[in-house]
Amino acid sequence: YHNLGSGAFADRSAFAGLRAATRDKLGFGLDAHDFDNDGRLDLFQVNGHVNDLRPLFPFAMPAQVFAGAEGGRLIDVSARAGAALGVERVARGLA
């Protein structure tokens, strides 16, 4: 959310590149860190549904990594982040 002041906020997830990439995920932990040392914050998110509603909704879900890009945008680089991130898990937190 973007703080507009006076207690008002605007949803900026589509602009940032997060809405489509995270719409079908249920996140339980998020870390903002400059993982690639380029001076921009990147995001690491772990996911997992609270109910086992397969096949309608997956229970275990893959983690995601988003690289910070120009203008406050984020790019999903999960596929390039290594095989461990492709493993679907029922995550309940991130430290």
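Small disclaimer: the values here were computed from a predicted structure and weren't measured.
When the ring pair (Phe, Tyr, Trp, His ring centres under 6.0 Å) test is applied to F35, the partners found at least two apart in sequence or on another chain are H33. Remark: A91 pairs with V46 by the side-chain contact (heavy atoms from CB on, under 4.5 Å) rule, at least two apart or across chains. For R54, the salt bridge (Lys or Arg N to Asp or Glu O under 4.0 Å) test picks out D52, with sequence neighbours left out. Here S78 pairs with D76 under the side chain to side chain donor-acceptor pair (under 3.5 Å) rule; sequence neighbours left out. Residues meeting the salt bridge (Lys or Arg N to Asp or Glu O under 4.0 Å) test with D11, sequence neighbours left out: R19. Remark: D38 pairs with R40 by the salt bridge (Lys or Arg N to Asp or Glu O under 4.0 Å) rule, at least two apart or across chains. Scanning for side-chain contact (heavy atoms from CB on, under 4.5 Å) contacts around A79 gives an empty result, with sequence neighbours left out.
Shortest non-hydrogen contact noted between A8 and N3 is O-OD1, 3.6 Å. Nearest approach of L85 to P62, heavy atoms of both residues: O-CB, 3.5 Å. Closest heavy-atom contact between A63 and F44: CB-CE1, 3.8 Å.
With N47 contributing its side chain and K25 its backbone, the two residues share no donor-acceptor pair below 3.5 Å. No donor-acceptor distance shorter than 3.5 angstrom exists from the side chain of Q45 to the backbone of V65, with no hydrogens or angles considered. Between the side chain of D42 and the backbone N or O of G68, at least one donor-acceptor pair lies under 3.5 Å.
Sequence neighbours left out, not one pair with a member in residues 77-92 passes salt bridge (Lys or Arg N to Asp or Glu O under 4.0 Å). Within the structure, the ring-ring contact (aromatic ring centres under 6.0 Å, His included) test picks out the following pairs touching residues 53-95 (sequence neighbours left out): H49-F57.
Taken to the nearest 0.5 Å, the CG atom of L74 stands 10.5 Å off from the OG1 atom of T22.
Proximity of L43 to D31: side-chain heavy atoms (C-beta onward) are nowhere separated by under 4.5 Å.
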**OP:** May I have the step-by-step check of side chain to side chain contact (heavy atoms under 4.5 Å, CB included) for L26 and V50, ending in yes or no?
**Re:** CA-CA 8 Å; L26 183 56; V50 294; 4.0 Å; yes
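Other residues sharing the hydrophobic cluster of F9, ordered by chain and number and joined by side-chain separations under 4.5 Å: Y1.
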